[in-house]
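I have placed the structure first, in the form of structure tokens, so that the comments after it can refer back to it.
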Amino acid sequence: MAEQKYKKFYAELEMYERSGVSMRLNNYPASPMQIVTAHMVREDQTYMRDYVWDEKGHMKELSFHNIQNS
């Protein structure tokens, strides 16, 4: 079940990349594979998505930030 979830997540990120959306993971440039791998390795941690839009309302960047649970 988890494998399908990660495949779907990768396909989503790959679509964004093909559309010209840059991606970051904890403030560093990242590929879809790097982002999915980070999610797989750190299943017990949460990542918050941050969408950045241009002046025309198109997504230009998607960032993932590790959220520390206390």
Side-chain angles (χ1 to χ4, degrees):
M1 187 67 171
E3 183 178 334
Q4 287 291 50
K5 179 179 93 172
Y6 291 122
K7 283 182 179 183
K8 185 177 178 181
F9 184 39
Y10 178 79
E12 174 193 0
L13 296 179
E14 196 173 54
M15 179 207 54
Y16 288 138
E17 184 177 59
R18 283 193 308 267
S19 298
V21 175
S22 64
M23 288 174 269
R24 301 179 74 75
L25 178 64
N26 294 324
N27 296 318
Y28 293 98
S31 70
M33 184 57 73
Q34 290 170 315
I35 295 168
V36 170
T37 300
H39 279 77
M40 291 171 68
V41 171
R42 299 179 181 195
E43 289 180 336
D44 59 333
Q45 295 186 5
T46 304
Y47 287 91
M48 179 182 75
R49 288 187 184 205
D50 183 22
Y51 298 91
V52 180
W53 307 93
D54 67 15
E55 61 282 345
K56 295 181 181 178
H58 299 107
M59 188 189 326
K60 67 178 187 177
E61 185 175 290
L62 175 58
S63 296
F64 292 85
H65 304 281
N66 185 15
I67 304 299
Q68 300 293 328
N69 296 328
S70 46

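Everything quoted here is computed from the prediction, not taken from an experiment.
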**Message:** Main chain of Asn26, side chain of Asn66: is a donor-acceptor contact present, judged purely on distance under 3.5 Å?
**Reply:** no
**Euclidean distance, Arg49 CZ relative to Ser63 OG, rounded to 0.5 Å** = 11.5 Å
**Message:** Take a 6.0 Å sphere around OH of Tyr51 and say whether it holds more than 12 heavy atoms from other residues, nucleotides or ligands.
**Reply:** yes
**Request:** Determine, step by step, whether Gln34 and Tyr28 satisfy the side-chain contact (heavy atoms from CB on, under 4.5 Å) criterion, reporting the C-alpha distance in whole Å, the side-chain angles of both residues, the deciding distance to 0.1 Å, and the verdict.
**Result:** CA-CA 11 Å; Gln34 290 170 315; Tyr28 293 98; over 6 Å; no
**Prompt:** About how many Å separate NE2 of His58 and CH2 of Trp53, when rounded to the nearest 0.5 Å?
**Reply:** 9.5 Å
**Asked** Between atom OH of Tyr16 and atom CE of Met23, what is the distance when rounded to the nearest 0.5 Å?
**Response** 9.5 Å
**Prompt:** Can Lys7 and Glu3 be said to form a salt bridge (charged side-chain N to carboxylate O under 4.0 Å, His left out), step by step?
**Reply:** CA-CA 6 Å; Lys7 283 182 179 183; Glu3 183 178 334; 3.3 Å; yes
**Request:** Under the side-chain contact (heavy atoms from CB on, under 4.5 Å) rule, what do Arg24 and Ile35 come out as? Steps first, then yes or no, please.
**Result:** CA-CA 8 Å; Arg24 301 179 74 75; Ile35 295 168; over 6 Å; no
**Item:** Interatomic spacing from CZ in Arg18 to CG in Leu13 - rounded to 0.5 Å
**Value:** 11.0 Å
**Request:** Give the minimum heavy-atom separation between Val21 and Met59, together with the two atoms involved.
**Result:** CG2-O, 3.5 Å
**Request:** Quick one: pull up OG1 in Thr37 and OH in Tyr6 and give me the separation to the nearest 0.5 Å.
**Result:** 10.0 Å
**Message:** Same cluster or not: Tyr47 versus Val52, using hydrophobic residues (I, L, V, M, F, W, Y) connected whenever any side-chain heavy atoms lie under 4.5 Å apart?
**Reply:** no
**Message:** I'd like to know if Glu12 pairs up with Lys8 as an ion pair, taking the criterion as any Lys NZ or Arg NE/NH1/NH2 lying under 4.0 Å from an Asp or Glu carboxylate oxygen.
**Reply:** no
**Asked** What is the minimum heavy-atom distance between Tyr10 and Met33, and which atoms define it?
**Response** CE1-N, 3.7 Å
